[in-house]
2 protein chains.
Amino acid sequence: MTDASHFWYADDPSIAALLESVRRFRRADADMRRRVSAGMAMNVTDMQALQYVIATEQRGGHALPRDIAAYLAISTASTTKLLDRLTASGHLERSTHPTDRRSVVVTSTPHAHDEIHARLSRMHQAMAEIAAAVPDEARPALTAFLDAMSAHLDSETGVEPLTPA
Amino acid sequence: MTDASHFWYADDPSIAALLESVRRFRRADADMRRRVSAGMAMNVTDMQALQYVIATEQRGGHALPRDIAAYLAISTASTTKLLDRLTASGHLERSTHPTDRRSVVVTSTPHAHDEIHARLSRMHQAMAEIAAAVPDEARPALTAFLDAMSAHLDSETGVEPLTPA
DNA sequence: TCGGTATCGCTAGCCAGGCTAGATGTTTCT
DNA sequence: AGAAACATCTAGCCTGGCTAGCGATACCGA
């Protein structure tokens with residue numbers, strides 16, 4: 001923690017550079033989400049929900065309110081409000097579940113499809129190009145690195161209020 | 001958009017795998033932030049502010065409310081409230097700016113230092129180890145990839161409400 | 001088949017943490 | 001000196017979370 005370049009522990013400058021790139025990427029991603037959702041006049045959570053529904057449909061599945069809540073890590077009550085907002089804005093629709101009448105299937109409207117597509121397809125295309133620009137032989141290392149990072153972030157890091165005993 | 005594996009445009013499976021890793025990493029990162037701040041009984045924004053102040057101090061600079069607001073992309077009014085919370089909790093202190101008496105310098109308390117250190121140093125250490133595990137020859141490609149992604153995310157993506165004219 | 005329990009989404013009501021507008025004191029420019 | 005710009009704070013509002021609890025439906029064991 002004595003170094004001037006943030007708070008990474010890294011002796012090797014190429015490692016420090018790598019971690020700094022990671023940090024920049026995280027910020028850039030968060031900022032992008034803000035901008036996209038602001039551009040669609042909705043909040044980030046609603047945007048993610050919309051993407052989830054569309055992705056689920058494309059996977060051939062049904063998007064259920066409960067699953068949306070779990071995906072977003074918010075309560076089912078909040079999800080009800082979220083669905084109210086997105087149905088009011090014409091992005092989503094509620095329809096009855098084919099087999100479970102307690103439940104609801106959430107579907108996206110063509111309007112939502114179009115809007116998401118207009119805003120994100122260019123970006124996804126560009127990201128695919130950036131990925132394609134990575135030399136073939138470096139890709140496994142890259143994927144391994146990101147997965148290791150994800151696994152680590154998933155595993156550790158204080159759920160408990162520190163020395164709860 | 002006809003493919004089952006989310007919504008990436010990618011023919012080459014190694015590219016698709018890479019983009020999927022990116023996606024997982026983004027989620028893992030966001031989830032980790034939630035857990036860490038919940039573990040410290042504060043919200044994510046306050047946590048980021050705290051990290052910013054500590055990082056600024058270690059860089060030898062002064063953390064000013066205005067800069068914190070800019071860093072977090074919130075208003076200065078919200079920043080005032082944020083500082084109220086973090087001073088009340090004993091993590092930060094307000095002191096007078098040495099040369100500009102309109103302004104305020106925000107400093108972190110030893111308590112904040114300790115708590116952040118206890119929670120994040122292990123994680124940062126582990127991240128450095130993961131970074132160190134990347135083969136030397138793959139590092140430039142990795143850094144380049146992340147920087148290109150960041151640059152792209154920074155550049156594009158609808159600030160405007162789509163066809164404003 | 002029927003009764004108990006679990007599960008689904010929803011409603012009601014609360015609270016944290018954003019925002020805008022505007023006040024106050026300070027600096028800077030002419 | 002005076003005007004304009006600036007840094008922060010206060011007052012008051014609104015969004016988007018949360019918990020508690022409800023009616024309807026599904027499931028499961030006797």
Side-chain angles (χ1 to χ4, degrees), chain A residues 30-31 33-50 52-53 56 61-89 91-107 159, chain B residues 30-31 33-50 52-53 56 61-89 91-107 159:
Chain A
D31 291 348
R33 283 172 199 275
R34 263 204 298 264
R35 287 199 312 274
V36 170
S37 50
M40 283 183 73
M42 63 176 67
N43 65 46
V44 175
T45 308
D46 289 8
M47 182 79 205
Q48 288 180 291
L50 193 47
Y52 173 82
V53 171
T56 300
H62 296 303
L64 308 182
R66 170 153 295 277
D67 297 333
I68 296 173
Y71 178 78
L72 299 172
I74 63 178
S75 69
T76 59
S78 302
T79 303
T80 295
K81 283 194 190 175
L82 180 152
L83 294 177
D84 289 345
R85 289 193 294 272
L86 289 175
T87 52
S89 65
H91 291 99
L92 294 180
E93 281 172 1
R94 285 186 246 232
S95 38
T96 61
H97 187 108
T99 65
D100 186 340
R101 278 199 296 192
R102 291 170 304 181
S103 193
V104 160
V105 174
V106 180
T107 57
V159 180
Chain B
D31 290 348
R33 284 172 199 275
R34 264 204 298 265
R35 287 199 312 276
V36 169
S37 50
M40 284 183 72
M42 63 176 66
N43 65 47
V44 175
T45 308
D46 289 9
M47 182 80 205
Q48 287 181 290
L50 194 46
Y52 172 83
V53 171
T56 300
H62 295 304
L64 308 181
R66 171 153 293 277
D67 298 332
I68 295 172
Y71 178 78
L72 299 172
I74 64 177
S75 70
T76 59
S78 302
T79 303
T80 295
K81 281 195 191 175
L82 180 152
L83 293 177
D84 290 345
R85 290 193 293 273
L86 289 175
T87 51
S89 65
H91 290 99
L92 295 180
E93 281 172 3
R94 284 186 246 233
S95 37
T96 60
H97 188 108
T99 66
D100 187 339
R101 277 197 298 196
R102 290 172 303 184
S103 193
V104 160
V105 175
V106 180
T107 57
V159 179

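Sequence lines set the chain letters: A, B, ... in the order given, protein chains first and strands last, and positions in each chain run from 1. Computed from heavy atoms alone, side chains included, the values below leave out hydrogens, waters and symmetry copies.
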Would you indicate what [X] reaches in the nucleic acid, counting non-hydrogen atoms under 4.0 angstrom: base, sugar-phosphate, or nothing?
X        : result
B/Thr79  : nothing
B/Arg101 : sugar-phosphate
A/Thr96  : nothing

Practice task
Considering just the side-chain nitrogens and oxygens of A/Arg66, establish if one lies under 4.0 Å of OP1 or OP2 belonging to C/dC8.
Solution key: yes
Problem - Side-chain N or O of A/Ser103 closer than 4.0 Å to phosphate OP1/OP2 of C/dT7 - result: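 False: A/Ser103 side-chain N/O out of range (4.0 Å or more) of C/dT7 OP1/OP2.
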Practice task
Mind calculating the distance between CZ (A/Arg94) and P (C/dT11) to the nearest angstrom?
Solution key: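 After rounding, the gap between these two atoms is 8 Å.
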Problem - Inter-residue atom distance B/His91.NE2 - B/Met47.CE, 0.5 Å rounding - result: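 So the gap between those two atoms works out to 8.5 Å.
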Practice task
Measure the CZ-CG distance between B/Arg85 and B/Asn43 for me, rounded to the nearest 0.5 Å.
Solution key: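 It is 5.5 Å, given to the nearest 0.5 Å.
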Practice task
Between B/Asp67 and B/Lys81, name the one whose nearest nucleotide on DNA chain D is closer to the 5' end.
Solution key: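 The answer here is B/Asp67.
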Handout entry: Closest-nucleotide ordering on DNA chain D, the 5'-leading residue of A/Asp100 and B/Asp84
Key =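 Per heavy-atom nearest nucleotide, the more 5' residue is B/Asp84.
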Scan the side chains in residues 76-83 of chain A for donor-acceptor partners under 3.5 Å anywhere in the protein, sequence neighbours excluded, and list what turns up.
unit_1	atom_1	unit_2	atom_2	d
A/Ser78	OG	A/Ser75	OG	2.9
A/Thr79	OG1	A/Ser75	O	2.9
A/Thr80	OG1	A/Thr76	O	3.2

Practice task
Check whether any side-chain heavy atom of A/His62 lies under 4.5 Å from a side-chain heavy atom of A/Ser103, and answer yes or no.
Solution key: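 A side-chain contact under 4.5 Å is absent here.
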Exercise for the section: Name the closest nucleotide to the A/Val104 side chain, picking from C/dG18, D/dA5, C/dG9. Expected result: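 Side chain of A/Val104 sits closest to C/dG9.
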